[in-house]
Amino acid sequence: MLQWYKIDKTSIYVEDRIYEVEAGRTRLCILHNANGWKAFSRKCPHAGASFVTAWCEGEEIVCSYHRHRFNLTSGKGCPGQGDFIKIYPTKVENEELYVAIESSGSFFNRLFK
């Protein structure tokens, strides 16, 4: 089951810049680009580097540590990487930004926390 959390977007003001935010008890990364809001895991599964220092190229996030790439829609890493990141649903209602987190008992929430 999904629970929606309001994100204070007043501190998220630079297009294509990655920010770390909290949704409930989950810390995650978020950015806004030409394709809208994207919310995803805060750490690279390859080496645990923070995505705050990563950058976005089109529909991919690029880890600043080893340059691993992940699709911001599916979460899949590039072929040969064998890994993925968690992608969180986002929505905007009445000009407010929300991110959905699976209930605390879910596998993904425990794995990526």
Side-chain angles (χ1 to χ4, degrees):
M1 177 162 194
L2 295 178
Q3 185 167 353
W4 291 91
Y5 294 92
K6 184 177 167 182
I7 303 297
D8 178 14
K9 63 181 183 174
T10 59
S11 60
I12 305 170
Y13 54 89
V14 177
E15 189 88 1
D16 288 321
R17 182 169 172 191
I18 300 165
Y19 295 89
E20 189 171 310
V21 298
E22 193 165 315
R25 294 183 306 213
T26 302
R27 297 206 53 81
L28 54 98
C29 283
I30 194 162
L31 70 84
H32 186 267
N33 64 16
N35 298 313
W37 290 99
K38 303 290 182 176
F40 50 95
S41 304
R42 68 185 184 101
K43 291 185 178 181
C44 178
H46 170 245
S50 172
F51 278 131
V52 171
T53 58
W55 62 89
C56 183
E57 290 182 1
E59 274 298 297
E60 292 182 328
I61 189 80
V62 183
C63 177
S64 62
Y65 195 63
H66 284 125
R67 309 298 191 257
H68 276 218
R69 295 172 172 266
F70 301 90
N71 182 282
L72 286 170
T73 301
S74 69
K76 290 182 182 178
C78 288
Q81 285 179 202
D83 51 12
F84 62 94
I85 60 173
K86 174 74 175 145
I87 303 297
Y88 298 93
T90 62
K91 68 179 178 180
V92 176
E93 286 184 354
N94 300 320
E95 298 186 31
E96 300 290 346
L97 173 63
Y98 296 89
V99 173
I101 305 295
E102 293 184 50
S103 63
S104 62
S106 76
F107 170 75
F108 281 116
N109 201 28
R110 291 190 313 269
L111 183 64
F112 291 102
K113 219 167 184 182

**Item:** Any side-chain heavy-atom pair of R17 and I12 under 4.5 Å
**Value:** no
**Request:** Report yes if some heavy atom in the side chain of E59 is under 4.5 Å from a heavy atom in the side chain of L72; otherwise report no.
**Result:** yes
**Item:** side-chain contact (heavy atoms from CB on, under 4.5 Å) evaluation trace for E102 with L2
**Value:** CA-CA 4 Å; E102 293 184 50; L2 295 178; 3.7 Å; yes
**Fill in**
Heavy-atom closest pair (S41 atom, C29 atom, distance to 0.1 Å) is O-CB, 3.9 Å
**Prompt:** Hey, is the main chain of T10 close enough, under 3.5 Å, to the side chain of D8 for a donor-acceptor pair?
**Reply:** yes
**Message:** Using a 6.0 Å cut-off, check whether atom NZ of K91 has over 12 heavy atoms from anything other than its own residue.
**Reply:** yes
**Message:** Under a 3.5 Å distance rule, please check whether T90 uses its side chain to pair with a backbone N or O of W37 as donor and acceptor.
**Reply:** yes
**K9 atom NZ, over 12 foreign heavy atoms within 6.0 Å** = yes
**Request:** Kindly determine whether D83 and Q81 satisfy side-chain hydrogen bond (donor to acceptor under 3.5 Å, both in side chains), including the steps that lead there.
**Result:** CA-CA 6 Å; D83 51 12; Q81 285 179 202; 3.1 Å; yes
**Request:** Would you indicate whether Y19, at its atom OH, is surrounded by more than 12 heavy atoms from other residues, nucleotides or ligands within a distance under 6.0 Å?
**Result:** yes
**Request:** Locate the shortest heavy-atom distance separating I85 from P45; write the atom from each residue and the value.
**Result:** CG2-CD, 3.6 Å
**Prompt:** Taking the inter-plane angle between the rings of F51 and F70 on a 0 to 90° scale, is it parallel (under 30°), tilted (30 to 60°) or perpendicular (over 60°)?
**Reply:** perpendicular
**Message:** Taking the side chain as everything from C-beta on, heavy atoms only, tell me whether Y88 gets closer than 4.5 Å to T26.
**Reply:** yes
